[in-house]
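Only this structure's heavy atoms are used, side chains among them; waters, hydrogens and symmetry mates stay out. Just so we're on the same page: letters track the sequence lines, and every chain starts at 1.
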Protein chains: 2
Amino acid sequence: MIYSKPNDGPGAAHDRVYRALRTRIMHGDIAPGQALTLRGVGREYGVSMTPARESIRRLVAEGALFLSSSGRVSTPELTNERIEELAALRSLLEVELASRALPRAHIALIDRLQMINSAVGEAAHNRDSVGYIRANLEFHRTLYLRAQAPAMLAMAETVWLQLGPTMRALYSRLRRTDPPHFHKLIIAALKAGDEPGLRLAVRSDVTHGLRMLAS
Amino acid sequence: MIYSKPNDGPGAAHDRVYRALRTRIMHGDIAPGQALTLRGVGREYGVSMTPARESIRRLVAEGALFLSSSGRVSTPELTNERIEELAALRSLLEVELASRALPRAHIALIDRLQMINSAVGEAAHNRDSVGYIRANLEFHRTLYLRAQAPAMLAMAETVWLQLGPTMRALYSRLRRTDPPHFHKLIIAALKAGDEPGLRLAVRSDVTHGLRMLAS
DNA sequence: TCGCCGCCTTTGTGATCACAAAAGCCCCCA
DNA sequence: TGGGGGCTTTTGTGATCACAAAGGCGGCGA
């Protein structure tokens with residue numbers, strides 16, 4: 001098999017496959033319950049079963065994929081209990097991340113958040129669920145990067161990953177065309193240096209979208 | 001290669017290796033910075049490189065092992081910043097888990113916790129670091145199982161896993177022979193149904209041990 | 001005696017293969 | 001026409017191999 005580059009940076013072929021699959025799952029590119037096969041993934045990315053297996057097993061370890069008792073893997077179909085739990089985890093982790101980012105949030109960061117937020121609004125207007133999820137996650141990640149807490153951010157991303165397919169199902173179901181209200185509250189709290197307000201705004205933003213899955 | 005049983009339950013050979021390694025790491029059986037090799041692990045557990053590789057890569061994905069840029073794996077040597085972050089994560093997650101477990105904590109559970117806690121004290125008295133860590137984690141897990149929050153508990157265990165080798169280094173360094181004081185506070189708060197007290201006791205217990213690593 | 005260069009060994013990576021189990025499928029019969 | 005049994009294909013698992021790169025070690029020179 002011929003690649004464009006013999007060694008694509010640190011890591012290897014399985015890392016490329018892993019990253020591609022991870023991004024697709026996190027952005028909601030794959031519907032819940034969709035099955036994946038080792039040979040299929042390998043064929044799709046031009047690698048043998050070995051890197052495909054490593055990528056898939058890694059995603060299983062992170063909770064992004066579900067491994068049936070017979071070894072078949074598929075994207076998970078979450079129960080309501082699990083969704084509530086994951087929402088609670090998002091709330092716990094992201095409130096803390098935002099709070100830690102607050103003292104370091106200068107005006108340049110806030111400007112960037114506002115730009116990203118307009119991209120969120122645009123995706124919402126165009127009813128582009130994948131674009132909406134991607135921009136929304138970028139908004140949150142940009143803020144949390146300032147917290148200088150890599151382990152915590154990694155955990156938050158793991159939760160996003162587990163929610164990816166479900167978020168797709170959610171956002172394609174509800175027809176929202178307005179940009180998220182709570183993002184504006186987050187930005188306002190950042191500008192004002194208002195920590196309790198920021199915590200509340202983040203918790204509301206995180207909880208709001210996921211709460212309407214109980215229906 | 002001959003096994004005692006052709007199919008050891010759900011999963012397979014790699015699952016057995018994974019579980020064994022995971023337990024050893026979480027209990028602090030392996031010192032920080034210790035290197036592992038695929039062929040070495042395979043030889044130790046009587047399997048080929050494939051299951052050894054899957055187990056190790058899974059532990060890497062969970063943060064239990066560190067993967068150098070050249071592909072070598074070793075148990076991580078945590079920086080102080082990372083230890084503080086992981087302690088904060090433990091605090092966030094475990095306070096929430098304890099709080100959720102409180103309404104369901106009946107007398108039978110409290111009795112069991114007291115029994116486990118005496119095992120903790122005994123291990124401390126015998127200066128048995130691995131036994132101490134194991135009993136201590138069992139104390140916490142027994143309580144959190146009552147929270148009925150599997151995703152949250154899994155995250156907490158992932159943090160324990162990342163801290164395993166470091167906890168070993170910590171507990172073998174300091175010569176404590178007394179059972180943990182905060183466990184008694186946890187039990188007392190559970191008996192009294194005192195939620196704020198429980199939150200404080202859990203946070204103190206989690207933070208206390210890890211804080212003295214800054215030295 | 002100390003440091004550096006080159007060789008040999010160890011190690012991870014990806015590919016391929018044999019095997020068994022699971023899944024899907026089709027045909028036949030009630 | 002609907003369901004069940006058996007066959008074929010698909011799929012995951014573990015083993016093994018070839019290869020390249022990294023590591024370690026010893027010897028040689030200054």
Closest approach to the side chain of B/Ser70, judged atom by atom: which nucleotide of D/dT11, D/dG23, C/dA15 is it? D/dG23
Hey, mind stepping through B/Tyr144 and B/Glu94 against side chain to side chain donor-acceptor pair (under 3.5 Å) and telling me if it holds? CA-CA 8 Å; B/Tyr144 305 150; B/Glu94 300 191 24; 2.6 Å; yes
Check: B/His27 main-chain N/O paired with B/Arg134 side-chain donor or acceptor under 3.5 Å: no
Should A/Ile133 and A/Trp160 be marked as a side chain to side chain contact (heavy atoms under 4.5 Å, CB included) after you check the CA-CA gap, both sets of side-chain angles, and the distance that decides it? CA-CA 10 Å; A/Ile133 294 175; A/Trp160 297 346; over 6 Å; no
At under 4.0 Å, does any side-chain N or O of B/Arg57 touch on OP1 or OP2 of C/dT13? yes
Let me know, please, whether A/Thr50 or A/Thr37 comes out on the 5' side of the other along DNA chain D by nearest nucleotide. A/Thr37
Spacing between B/His14 atom NE2 and D/dT13 atom P, to the nearest angstrom: 6 Å
Starting the side chain at C-beta, find the nucleotide from C/dT13, D/dT13, C/dA22 nearest to B/Ala12. D/dT13
When you get a sec, tell me which of C/dT13, D/dG14, C/dG14 is the closest nucleotide to the side chain of B/Ser48? D/dG14
So which nucleotide from C/dA15, C/dT13, C/dT11 ends up closest to the side chain of A/Pro51? C/dA15
Taking the side chain from B/Glu62 and the backbone from B/Thr158, do they hold a donor-acceptor pair closer than 3.5 Å? no
Side chain of B/Val47, heavy atoms from C-beta onward: which of D/dA15, D/dG23, C/dG14 has the nearest atom to it? D/dA15
